[in-house]
Structure formats: structure tokens, C-alpha cells
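Step one of this worksheet: look at the structure below.
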Amino acid sequence: MRLEFQYYEVSHVTFGSSTKYDRGTLTIHKQELVDHIAADKRLASVDVEIVSPGSATRISNVLDAIEPRMKVDTGCYFPGMLDDIIRAGGGATNVLRGAAVLEIGSAAGIYGGVLDMTGPGAELSALSKMHNICVIVRPEAGLTVSEFAQALKKASMRASVYVAAATRGATPSSTETFALDLQSVGSTSPAHVLPRIAYLLHLNSVGDLRQPYIYGDNPPRWYPTILHPNEVIDGAIVCGHYNLSVATKNLTYAFLNNPVILELYRRHGTELDFRGVVIAPEPVSLSDMRRTAMVAAGLLKETLGADGVIMTKEAGGHTDVVLMESCEACEKLGVRTVLIDNEWLGPEGTDDIPLIAFSDVADAIVSVGNMEAMVDLPAFDQVVGGDSLPGFDIDLHEAVRIPIMSIPLAISQLGLTHLRTERR
Amino acid sequence: MLQKEIEKVGIPAVLVTALPPAARVLNASRIVEGVRVTNPLGDPDASSAAVERAIRRDIVERCMQALTRAVEADTRDRSQ
Amino acid sequence: MKMLRVVHYVNQFFGGVGGEEKAGIGPSLVDGPVGPGLLIQRVLEGQGMVVATLICGDNYFADHPESAGDEVLLLLQEREFDLFLAGPAFNAGRYGMACGEVCAQVQDRLHLPVVTGMFAENPGVELYRKSVLIVETGGSAIDMGKSVPKMVALGRKLCNGHQVTRPADEGCFPRGVAASVLSDKLAAERAVSLVLRKMRGDSYETEIPPPDQLDVVPPAPPIESLGDATIALVTEGGLVPVDNPDRLESSRATRYASYEVAALEARGSEGFQSVHRGFDTSYINQDPNRLLPVDVVREMEGKRVFGRLYPRYFVTTGVATSLTNATKIGKGIAEELLGGGVSGVILTAT
């Protein structure tokens, strides 16, 4: 399968009388975008604001971040969600690089994040370097949290595709091709002598408000399966979590720019042989965990022919058990493992147990940071997205002290972060 | 962890958890495996309330057994 | 610059009092430096002095764990000083433990900077490195000439208000603090490099080491007569009355609460909900028996399977990873259970 990303670099975003992209400048017709989103009757109000890098602004109640993209052939994106159910990962995709649509809303039971565009908070998140198109919506009265979550998701996806459509007909700044033909074990291809490495992507699958969408659906119980890496980075998976902190879910932006897949692609053919991707659920019973870990390990070893695997997860503490079960199942088959995981070490970094579960064979774990480490953030005159977070008695205009897990893309369970811990 | 503090004062405590591996990291002793993280002592997928209660009864009975049995460190009772 | 006033702790041997036969002597305070304290004073180069030396037998702290600290503090009350140095103990185990303990007490109760010194294999290192700065020394007093200046240098920095963020930079053992840092590489990049090293057979290091081996508590003896037993229910699942009257935290609670089982039975899911935010609580909220098996336990009580159900249940939220909180909360609950004559507990984790 062969995918071509056409990158349209964004250096400036502004409101204007029509939506267009011209040599780095993205102009958005605000009313047209608002009307487009507000067509959804579940929403009582819609607002759009532009926040540029370096702007002394705090953005609050951030629930997801989406890179604006569209398929050149359909003009749409996110198959199964917005677009028809068609295969992601082939053909050409226009990418507005350097921009992000931020999905913003607040309600009890939903945990939005806080993104500072300058200051110590900004240093922790790649989103502070994006031109952020903030889509701020309020639900109609009487909507359940679940209905609001679905409306939020629809709103931000539609906004991202609307904005991406500005690239139609324009010349891209650059292009990048992703082509991986996954030949079965026994191939005589020269790449075969390189270490064979695959990626195991665990996706949460429990509960109404905490599941990613895979081609628009996510059944509560499913067996591990194989997706082409291009599908993962081309919109097959969308973040559907709402009642988890922004750190315990993987944002859509992070799936689209899945750093494990991109890094394996980068070194494919030179340092390693990228064997492909297995996606697996995160069950809530031990026997289900053992079953899916075993099946996943088998797919990695026998079907993809991997000798090494990198695995990531999402969601909370019990998913450490999922990760350890997968780790053990792989190592048992002789597939060497590296895990990426977040840690729970308390506000001072002094707690004793970094993960809920451990295994003797989990001897190579990469850290994406301590969820609970506290960050002191300064006051901001400009706050977009709401003056407070539901359930917290704070005024976001003031200096605040928050755990790192509340900053979107500071901690990233897919590894799209520079944050880690260092034991001293 | 909680179980150990209770056992330290001489009161036997049995831990019902869907994830015995997590409990073993903490050197828990008496462990009875629960159904799922979201419903350790029940099963919303059970065909009726009566069936669900029977599942619960079974787990609680194992708890009583664990409490009345002398254990070496790390005794585990699988629910299957 | 103000003169730095140091109090120095030594054992009976370095204090010149005697050898092993004096290991049981209690603490005493003498004026001025003694033994290695003379080197401390020399190193201070006229900018400070050892105002007093605390001499104590190596066995004393081990033999009097409750009172030794109090006795030492009582003696120290008589003096005004800025810095407390202990040892160095090198590889002497009892001496190391005593140095660690006395430093911890002075630090906690007098809020003064403390520094000690030990060899890596001294058991005092493992026990005290997290609470007290321990300079790494050689294995014997041959290293005195190198260790003491390091201890003094660090002590002076502390007295000047220096915050130690990297113990290794000061020549100290790690304190087990995990600092948040930004790597120059994305985690995913590091992961790919790591798996390549592992597969090649090169040496590699994990970024998240397993926790230190935790205490194994000998299990409590079983209930002898279940028919007479009082059984209590405890949970980490955060099930509380809907208005959360005691404001139980939604995760990693620092305390616990208790409520009447009868109230839970009477009001059920309308009156009680889980505040735990670490997992999907909807099934438990639909039917709290899925967390606290009250219906079945009551039924068994009625059939005399056991004596009686303790009228209150105890609740907290998710303390799996914070030992400090779990210990504090556990002790509190255990005490109440003991006071209530409880014979056995069913504890539900999530």
C-alpha cells in the first residue's frame, strides 16, 4: 500500500472573507465554518478562535487535537466517522502541517486539558508550536454526556476537514511517501537481513466515553488484528475518550502522527525491517487479557515475522497489566519487547511504585513521564475555551499549579513527547 | 497497601481483584480473582440477576474459604 | 561571613571512648571536635568550627529505637548550631544505621541541614538514602581524607540555601526522586533505538526500573470459628453517598471514610455512587453490590454462615501505587476494625 502525504506548511492563520490557503497563509471564513459546524442541532453554540504560536494565551478545556487533512480523491477524511467506510492509507492526503484543530468543550464528567502557548507549560507540549484553530462548542440542554461527546467529536472533525479543503488545488510545500509491502516470512528480499521489528498498538475498548474509533466503530470486545501502518496514520483511528485526563488517552493528532510508526518507517531498509502493525484491545478481565495477549503475540511472531516489538497502550492503571501480559506473551515466543509507558510517582516524584503491574521480562521500558508531577504555571490575561475546568475551583486567568497529566501532549502514551523521568 | 496493614494487626483480609498480577506486585497474600475491573463482584452480561448473584455468591464463598484457611505468603484462588 | 557552627556525631570508637565493649553506651555531648571532627574543623579553614561532638555507642540506636532519638535531641537542645555531620561510617553497618537515624531525626525535628557518609554496601545506605543526603565514601577509614572534605563542602552549600536536585553531582547516593526532564529525543525514537540494542545483544538500560522488593507481611492467622466471626467490607472503589459528604478524592486518596451498610442497602444506587475516576464506574453505579457484595453477605449472615456483618463499610480510592498513603489509610482502617472486634475482611480492589 502506498500513501503520499502532501504537506502544506502553515506559517500564518487568520480570519478573512473566504477560506483559502496561499503560500503558507491559511485564511478562514469564520461564519462559514461556524455555520458548517452549527448545522448539528445537538450544539447550542459554536465559536472558533485562532491562537498562534508565541501568543500569550492559555487554551482550556482541550479535549482533542486534530491535524487538518483531507483525502485528495474524496475531499473528506476519517472513514467510518465522516467519510464513507473506505480504506485509509492509500492514495494522496493533503496535510496542513503546523496547524491543529482543538476540540474544546466542558461538562461534568469530561476532563479537558490546559494548553499554555508560552511559558513553562508551552515547553512541555508540541501543540504550543501549532497554529491552533479552537473549536469551542456548548451542548443543547438535556444532552447526555455521551451525546455531547459525539457531537464534540463530529464538530472538530468537520472543522478539520473544512479547513483542510482550503488546500485543494494549491501546490504542496513538500511531499512524503509511505510504502510498505509486507511480505511474509521467508522472503529473500535484501531487507530481510535487518532486524525485523513490528509495532503492537493497544487501544482501549471499554465504556461509552472512553474508546478510540477504528473506522468509526469500537466494539467492547474484539480480537487483535492487523492493520497496515498507513491506515493508522491516515485517519482509521480517532480519539473517542472523554472521561480520562488528556494524558491517559491518545489524541487524534498523535494517531495521525504516530511516532512509533513514523520512526520505524524512517529506519526501514537501513537499520531495520519494519514488519507492520498489530492492534489489540485492552480488556478488563485477566482471562481476556491473557487471551488477547497470546493472540497478538502469535500475529506478531508468525504472521508478521517479527523478532522484536515496540508496544504502546492507552488509558489508565489497569492497562499496565495488559501491557505486561502482552510483554510476557511476546517474550515467551522469543519476540524481544520494548514498552512505552507513563509513570505514577506522586507530586514529588517520590512514590515507590511507577506502574500498577510489572513483569520480570519487562526489562526495557521507555518512560513518557510522571503523570502526577506538578507544574507551576503563570497567570494569563488571555484565556480561550473557558475560565475554569468543571469540577475544579480555580480561575484559569490566575497562576495555577496542575499535574502534568492535564497538559495535552505533554505526556503521550504513543511516545509523541520528549518528557521522561530521571531518577536522582 | 491496605490488605497488609489489616493483616499486620492480626485480622485476615482477602483481596478480591480482577487483576491478581497487580496485587502480586505489592506482595498481597490472600487473593480471590474477581470478574472484571469494572465489576469485580458481578457481571452485567449475565443472563439474569439471579445468575449474577450466583456468580457473586461463588466469589464470596471463596473469600470465606480464604479467610478460614491458613496461608503461606501469596495464596491465590482462581475463580475458574 | 558568619562562622559555621557544626555538631558532629561519632561512635564510641571514633570518639576515643573505647572499642566493641563500649558499643552499648548512650549519647553524650562534649565540647569541640573529637577524632575525625578535627579534620572537619581543619577543612572549614577558619570559616567554621565544630562546636560540639555527639558520641554514642554503635548498638545504642539499634537497641533503643524509640528513645535514642529523643535523648539525642534533648542533648542537642543545649546548643545552637547550623549544620549536623555524622560519621563517615564507611562500611561499618551499625555505625551507618546510627548515622542515618540520627541525621533523619535532626533533619525532621530540628529542620537543620544534615550530611553523613557511607560506603555503597553499608546497609544504612538503602535505609536512609531517600531521606538523608549520604556522601559516597570508600570502604574504610583510609578514605577519611577524601570523604570528610566532600561532606563539609556539601554541608556548606546546604547552609547557603543550595537545593540539591542532583545528588550524584554532590557525590551522594540517589535519593529515589524521579525528576521530570525533557530528553532531546522523542520517546518513540528512544524506543526504537532501545529495541535495536536489545536485539543486537548490546547492553541496555530500562527507563522504568521495577520497584524495590516490598515487605512481605506474614499473613494473619485464619478465622477459627466462622460462625462467630464479624466480617467487615472494605473497598478502594470509591463508593460513597451521592453528595460525597466527606469529599473523598476521586483518585489516589489521602484518606478514607466509612458509611453505614444499612444506608447502602436502603438507598442502593440512588443514594450511593463511585467517585473513582480511574475506570468506568457505570456498572458499579448501576448495582453497588458489584463492588461491595452486601446482598450476598447479608444472605449468608441470615443463614448463619458467619456471625455478623460489621455495620459500617470502609472506603477509599485507588491507593495502589502510593505506599505512603496506603500505609496511612490502612493503619487507620485496621485500628478501627480492631476496635470493632472484626474477625475478617473482604477487601475489594478495582
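Keep in mind the model is a prediction, meaning the values are calculated, not measured. Chain letters run A, B, ... following the sequence lines, proteins first, then strands; residues in each count from 1. The figures here come from the full heavy-atom set of this structure, side chains too, leaving out hydrogens, waters and symmetry mates.
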- request: Decide side chain to side chain contact (heavy atoms under 4.5 Å, CB included) for R36(B) and L286(A); before the verdict, give the C-alpha distance in whole Å, the side-chain angles of both, and the deciding distance to 0.1 Å.
  value: CA-CA 8 Å; R36(B) 256 173 255 136; L286(A) 191 57; over 6 Å; no
task: Report yes if some heavy atom in the side chain of P21(B) is under 4.5 Å from a heavy atom in the side chain of E325(A); otherwise report no.
output: yes
statement: Between A22(B) and A357(A), the two heavy atoms sitting closest are CA-CB, 4.4 Å
- prompt: Does any heavy atom of chain B fall under 4.5 Å from the side chain of M324(A), the backbone, both, or neither of them?
  reply: neither
- prompt: If you take all heavy atoms of S285(A) and V35(B), which pair is closest and at what distance?
  reply: CB-O, 3.2 Å
Atom pair NE2 (H318(A)) and OG1 (T17(B)), whose distance is rounded to the nearest 0.5 Å: 11.0 Å
